[in-house]
Amino acid sequence: MPILRPLALALLVLQFPPPAVDIPKRSAPEWLAGYRDAAGRLIGEAVASDAAWQRLAYLGDTYGNRISGSPNLDAAIKWAVDEMKRDGLENVHTEAVKVPHWVRGRESLEIAGAIPQPLVILGLGNSVGTPPAGIEADLLVVHSFEELDAARERVKGRIVLFNVPFTNYGDTVRFRSTGPSRAGALGAVAMLVRAVGPAGLRTPHTGALSYTDGQPQIPAAAVTTEDAARLERMVNRGTPVRLKLMMEAKFLPDADSANVVGEIRGRELPNEVVVIGGHFDSWDVGTGSTDDGGGCVATWEALRLMKKLNLRPRRTVRVVLWTNEENGGRGGLAYRDQHLEELPNHVMMLESDGGVFRPTGFGFSGSDAARSKVREMATLLTGLHADAITASGGGADIGPAVQQANIPALSLEVEGNYFLIHHTPADTIDKIDPLEIARSSAAIAVITYVIAEMPERLK
């Protein structure tokens, strides 16, 4: 893969001191002395090349978005297998997973009237479609579930818009995920939600909804921050607002897909496994470069770096590119079930699914003793300024296995505007800095290598 030009590399070194020089200057426990050379080599190799960025660019440019069940995802899976073999990884294979196959189809929303005004939307994942002629109805704007319940006498036959400003993902995503059933239960014919993310130049955010059993299933879509504000201004002026929504969304029969697996086999304890990875599927907009192609490539790059530097740890390091995280989570469930007997030998699982911006450290879930050990390991990353260990590491794909066997879990933590492009057409490679994904790969490689190499198991 292309190497950074000499000038670019020189600038990089000026910005970030050589790890082999920087790391020993940091306070680190004595037991880590034997790992400093390997850590310096891994970091130095990672940041001296734009290999990770180039691989991610090729993935997005060639295969585009990769929604479950799509030919794009199938082709990308085959490519990943071939590339892992070319990297010299071992035991490269796929593990079959049946995935839901939701298809967006054509969709549109407009303000109906003498002068129709088109609005920008993205249907929510797993939504049902409208009748072929669409749905035309008056608009009701609410700002919370409590306000929806208070307006229950006015909901029937309306299109309900949840115009809720984005605060953080955890607080705001519930209107996307459960809003359709809440509105449908009161008689709404369709639901709109203000995009779950910061204002982004009229960019809508898709994402999965979850229908409640026994409640009506109504079509649902995201509108942009700007269009949500416009619609509310019109309503506040007393202007009757009638909307026409058309969505062809539908489910096809479950499709064949797969998780992709590659390894560096442990030299002494090959049956003890350290698992790292991200999810290979994406929404059907943009190229899924940040969510989560970057996480897949950064964790994969950690193994490539170890292989290139001939660093074979005591335990097996396994990278998994999970399928179907976005609208089903079946890749993570399948991994748990297919490796059930092996899970007690999983020493640690790490997921990168928050972007590959500037790394700051890792989230960690596990025992206090293991947390203390990981904090000590992180001193090897002070040269990258990626040594913070925070609470609650994990991820949607590793979650089923982690919970089943109480496995210590980590997640890469980064500093960047992830939710600005999350689930949007703007999720493309140009939003990712080659140096930042290189540093993310380096941080993952160092932590993973130490955990896999330590004489004692992380507990």
Side-chain angles (χ1 to χ4, degrees), residues 89-99 257-281 292 295-296 299-300 302-303 313-325 328-354 362-378 389-413 444-445 447-459:
L89 302 191
E90 300 152 356
N91 193 25
V92 176
H93 64 281
T94 60
E95 297 177 351
V97 183
K98 279 284 188 182
V99 297
S257 189
N259 295 330
V260 181
V261 179
E263 294 179 340
I264 293 178
R265 298 291 290 171
R267 69 178 191 277
E268 291 181 8
L269 300 168
N271 292 328
E272 291 190 7
V273 186
V274 175
V275 176
I276 63 178
H279 68 86
F280 211 36
D281 66 304
D292 183 34
C296 289
T299 49
W300 174 357
L303 273 73
R314 282 185 172 86
R315 297 173 183 82
T316 294
V317 178
R318 176 181 297 162
V319 62
V320 183
L321 314 183
W322 282 278
T323 193
N324 187 231
E325 187 271 348
R330 295 193 192 173
L333 292 168
Y335 182 89
R336 177 199 64 190
D337 296 342
Q338 293 167 8
H339 294 265
L340 201 57
E341 294 184 359
E342 185 191 21
L343 291 184
N345 288 328
H346 279 47
V347 173
M348 182 274 284
M349 297 186 78
L350 178 152
E351 184 159 355
S352 174
D353 188 17
F362 296 88
F364 176 80
S365 294
S367 70
D368 289 342
R371 180 186 302 278
S372 177
K373 202 76 170 178
V374 172
R375 280 202 175 110
E376 291 178 346
M377 295 175 203
I389 301 300
T390 60
S392 302
D397 298 293
I398 66 176
V402 164
Q403 293 166 19
Q404 178 73 29
N406 195 30
I407 302 165
L410 283 89
S411 56
L412 177 69
E413 299 297 312
I444 293 168
I447 287 290
T448 301
Y449 177 78
V450 175
I451 291 174
E453 174 64 10
M454 290 192 307
E456 72 280 6
R457 178 171 173 163
L458 184 68
K459 294 182 179 179

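Only this structure's heavy atoms are used, side chains among them; waters, hydrogens and symmetry mates stay out.
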Asker: Which atom pair, heavy atoms only, marks the closest approach of Met349 to Trp322?
Answerer: CE-CZ2, 4.2 Å
Asker: Output yes when a side-chain donor or acceptor of Asn259 lies under 3.5 Å from a complementary backbone atom of Glu95, and no otherwise.
Answerer: no
Asker: Less than 4.0 angstrom from a charged side-chain N to a carboxylate O is my criterion; do Arg267 and Glu453 meet it?
Answerer: yes
Asker: Mind checking side-chain hydrogen bond (donor to acceptor under 3.5 Å, both in side chains) for Tyr449 and listing every partner two or more places apart, or none if nothing turns up?
Answerer: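 None.
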Asker: I want to check something: taking the side chain as every heavy atom from C-beta on, are Asn324 and Leu333 in contact at a cut-off of under 4.5 Å?
Answerer: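 When only atoms from C-beta onward are counted, Leu333 and Asn324 do not touch, as no gap falls below 4.5 Å.
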Asker: Is the backbone of Glu351 close enough, under 3.5 Å, to the side chain of Ser411 for a donor and an acceptor to pair up by distance?
Answerer: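 It does not hold such a pair.
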Asker: Nearest heavy-atom pair of Lys98 and Arg330: which atoms, and what distance?
Answerer: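 Reported closest heavy-atom pair: O-CD, 3.0 Å.
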Asker: Output yes when a side-chain donor or acceptor of Arg315 lies under 3.5 Å from a complementary backbone atom of Ile451, and no otherwise.
Answerer: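 Side chain of Arg315 to backbone of Ile451: a pair is present.
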Asker: Once you round to the nearest 0.5 Å, how far does CD1 of Ile389 lie from CD of Glu376?
Answerer: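 Those atoms lie 11.0 Å apart.
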Asker: Please report the shortest heavy-atom distance between Ser257 and Thr323, naming the atom on each side.
Answerer: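 Smallest heavy-atom distance, with atoms named: OG-OG1, 2.9 Å.
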Asker: Quick one: are His339 and Arg318 in side-chain contact, heavy atoms under 4.5 Å?
Answerer: yes
Asker: Do Leu458 and Met377 touch side chain to side chain, with heavy atoms closer than 4.5 Å?
Answerer: yes
Asker: Do the side chains of Phe362 and Leu412 get nearer than 4.5 Å, heavy atoms only?
Answerer: yes
Asker: To the nearest 0.5 Å, how far apart are CG in Leu89 and CD in Glu263?
Answerer: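 Going from the CG atom of Leu89 to the CD atom of Glu263 covers 9.5 Å.
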Asker: Taking the side chain from Glu342 and the backbone from Asn271, do they hold a donor-acceptor pair closer than 3.5 Å?
Answerer: no
Asker: Nearest heavy-atom pair of Gly393 and Ser365: which atoms, and what distance?
Answerer: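 Closest pair (atom of Gly393, atom of Ser365, distance): O-OG, 2.8 Å.
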Asker: Check whether more than 12 heavy atoms from other residues, nucleotides or ligands sit under 6.0 Å from atom CG of Asn406, and answer yes or no.
Answerer: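 Not buried by this count: 12 neighbours or fewer within 6.0 Å.
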Asker: Could you check whether any side-chain N or O of Ser372 sits under 3.5 Å from a backbone N or O of Asp368, counting only pairs where one atom can act as donor and the other as acceptor?
Answerer: no
Asker: From Asp397 CG over to Tyr335 OH, what is the distance, rounded to the nearest 0.5 angstrom?
Answerer: 11.5 Å
Asker: Determine the minimum heavy-atom distance between Gly262 and Leu303, stating which atoms define it.
Answerer: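 That closest heavy-atom pairing would be O-CD2, 3.8 Å.
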Asker: Can you measure from NZ (Lys373) to OG (Ser367) and round to the nearest 0.5 angstrom?
Answerer: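 Lys373 NZ to Ser367 OG: 11.5 Å, rounded to 0.5 Å.
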Asker: Counting C-beta onward and ignoring hydrogens, is there a side-chain heavy-atom pair between Ile447 and Leu410 closer than 4.5 Å?
Answerer: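 They are in contact (side-chain heavy atoms under 4.5 Å apart), so the answer is yes.
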Asker: Hey, what do you get for CG (Asp292) to CD (Glu325), rounding to the nearest 0.5 Å?
Answerer: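 Asp292 CG to Glu325 CD: 7.5 Å, rounded to 0.5 Å.
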Asker: Please name the pair of heavy atoms, one in Ala334 and one in Val97, separated by the smallest distance, quoted to 0.1 Å.
Answerer: CB-CG2, 3.7 Å
Asker: Tell me every residue that passes side-chain hydrogen bond (donor to acceptor under 3.5 Å, both in side chains) with Gln403, counting only those two or more places apart in sequence or in another chain.
Answerer: none
Asker: Can you measure from CD1 (Ile264) to CD (Glu90) and round to the nearest 0.5 angstrom?
Answerer: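 Going from the CD1 atom of Ile264 to the CD atom of Glu90 covers 7.0 Å.
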Asker: Could you tell me whether a side-chain N or O of Thr316 sits under 3.5 Å from a main-chain N or O of Val273, the two making a donor and an acceptor?
Answerer: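 Side chain of Thr316 to backbone of Val273: no pair is present.
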